[in-house]
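Being a predicted model, the structure only gives us computed values, none of them experimental. We number each residue from 1, following the sequence as shown.
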Amino acid sequence: MKFTLCSKFFVCLGLACVMANAQETVESVKRQIKAVEAETAREKSLHDAEKKRHAEFVEVGRKKVQALSSQNKTLKAEIDSLKAEMNHISEARQKTMGTIKWYESRKTKYNESFAKVIDSLVPVFESDFPYRNDETVKSVQEIADQLHKGVIEADDALNRTLEVFYDRIRMGYTTEVWKGFLQVDARSVPGTFLRYGAVAAIFVSNDGNDVLWLDRTADGGYSWKNVSEDLAMRTALKDVMKVAEGKTAPRLVMIPVSIPKEAK
């Protein structure tokens, strides 16, 4: 009987220990389950956050692609427009270059033609009233040469040529007396010259023996005519020279003027 009671006691004690251990195991499992659930929830939260970030990244990327596509279309349109404009400018430039070449060609021909016209004035000035003709002819030839070489423009050549004409015209309104030498026959005679405009000229030698006046020739030129043998003419021209030099009182004097045959 004692053995039986003891056995029951030990059995009860064993069952109690088993129950206690079982209870601790359930609590441990519950804790582990809760820990797993918490970790799962945390992982799910991180996954959702990562998924959201990924979706935002994809959306931002999509918008950037759309923006780049729109910019690319706009840029392509601008490039096409610029190409069309460049083609238009190129065509206009070619037309302009053609016009410039045509103008330059015409300009060159005009300058050459104009230079020939100016140069043709040389004989006119050479046969003009014999006063500083060499300077005038040299100026005209220089103008024609510079125009032919393109050193000066046509308008400048025209202005300079007109100025030469104006100088010759102004000469017709002036009177001049100067000392110099005149070739009389084979002699170089010193004396005084008188120029009256561009129509008359007189020369009286220093010794008074040679008196000449500028006369027209049959070919339209000029030559000095000696009047030393014509006493009346000689005296009259000497008086003219005295008045011109201021060696006598001012008065009206007669000056010989030769008129071209075509003007008579």
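Residues Ile202 and Phe193 have side chains not in contact (no heavy-atom distance under 4.5 Å, counting atoms from C-beta outward). Counting heavy atoms from C-beta outward, Pro256 and Lys225 have side chains that stay 4.5 Å or more apart. Contact annotation: the side chain of Leu158 approaches that of Leu162 to within less than 4.5 Å [non-hydrogen atoms, C-beta and beyond]. In this structure the side chain of Met233 never reaches within 4.5 angstrom of the side chain of Val211, judged on heavy atoms. For the pair Glu245 and Leu194, the minimum side-chain heavy-atom distance is 4.5 Å or more. Using a 4.5 Å cut-off on side-chain heavy atoms (C-beta onward), Arg160 and Gln146 make contact. Looking only at side-chain heavy atoms (C-beta outward), Val164 and Val140 come within less than 4.5 Å of each other. Between Glu78 and Thr74, the closest side-chain pair of non-hydrogen atoms falls below 4.5 Å.
Considering OG1 of Thr235 and CG of Leu231, their distance stands at 4.5 Å, rounded to 0.5 Å. In this structure, the separation between CZ on Arg42 and CG on Leu46 is 5.5 Å, given to the nearest 0.5 Å. To the nearest 0.5 Å, the span separating OG1 on Thr175 from CD1 on Ile255 amounts to 7.0 Å. A distance of 10.5 Å separates OG of Ser139 from CG of Asp134, quoted to the nearest 0.5 Å. Distance check: Asp145 CG to Lys138 NZ gives 12.5 Å after rounding to the nearest 0.5 Å. Atom-to-atom distance recorded for Thr192:OG1 and Leu182:CG is 11.5 Å, nearest 0.5 angstrom.
Under the 4.5 Å side-chain heavy-atom criterion for Ile, Leu, Val, Met, Phe, Trp and Tyr, Ile118 and Tyr166 are members of the same hydrophobic cluster. Placement of Tyr196 and Met171 in two distinct hydrophobic clusters is found when ILVMFWY residues are connected by side-chain heavy-atom separations under 4.5 Å, directly or transitively. Neither Val257 nor Leu214 shares a network with the other; the hydrophobic side chains, linked directly or stepwise wherever heavy atoms of I, L, V, M, F, W or Y lie under 4.5 Å apart, form separate groups for each. Follow the hydrophobic side-chain contacts under 4.5 Å out from Val124 and you never reach Val122; the two are in separate clusters. Hydrophobic clustering (ILVMFWY, side-chain heavy atoms < 4.5 Å, transitive): Ile143 and Phe114 are in one cluster.
The list of ring-ring contact (aromatic ring centres under 6.0 Å, His included) pairs with a residue in residues 115-140, not counting sequence neighbours, reads Phe125-Phe165, Phe129-Tyr222, Tyr131-Trp178. For the salt bridge (charged side-chain N to carboxylate O under 4.0 Å, His left out) condition, the pairs that include at least one residue of residues 49-59, sequence neighbours left out, are Glu50-Arg53, Glu59-Arg62.
Around the CZ atom of Phe203, the shell of radius 6.0 Å holds more than 12 heavy atoms that belong to other residues, nucleotides or ligands. The 12-atom threshold is not exceeded at CD of Glu229, counting heavy atoms of other residues, nucleotides or ligands nearer than 6.0 Å. Around NZ of Lys238, the count of heavy atoms belonging to other residues, nucleotides or ligands within 6.0 Å exceeds 12.
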From CA spacing to verdict: side-chain contact (heavy atoms from CB on, under 4.5 Å), Arg195, Thr174: CA-CA 8 Å; Arg195 177 184 60 81; Thr174 61; 2.9 Å; yes
Check against salt bridge (charged side-chain N to carboxylate O under 4.0 Å, His left out), Lys109 and Glu112: CA-CA 5 Å; Lys109 292 180 180 178; Glu112 292 176 354; over 6 Å; no
From CA spacing to verdict: side-chain contact (heavy atoms from CB on, under 4.5 Å), Val243, Val240: CA-CA 5 Å; Val243 172; Val240 170; 5.9 Å; no
Intermediate values then yes/no, salt bridge (charged side-chain N to carboxylate O under 4.0 Å, His left out), Arg170 and Asp167: CA-CA 5 Å; Arg170 285 190 289 266; Asp167 285 341; 2.3 Å; yes
Verdict with reasoning, Asn206 to Lys179, per side-chain contact (heavy atoms from CB on, under 4.5 Å): CA-CA 9 Å; Asn206 291 340; Lys179 298 289 185 179; 4.3 Å; yes
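The residues Lys44 and Glu37 are annotated as not salt-bridged, no charged nitrogen and carboxylate oxygen being separated by less than 4.0 angstrom. Under a 4.0 Å N-O distance rule, the pair Asp210/Arg187 qualifies as a salt bridge. One finds a salt bridge joining Lys76 and Asp80 here, because a Lys/Arg side-chain nitrogen approaches an Asp/Glu carboxylate oxygen to under 4.0 Å.
Every salt bridge (Lys or Arg N to Asp or Glu O under 4.0 Å) that Glu153 has, sequence neighbours left out, goes to Lys107.
Judged by distance alone, with hydrogens and angles left aside, the side-chain atoms of Thr96 form a donor-acceptor pair with the main-chain N or O of Ala92 at under 3.5 Å.
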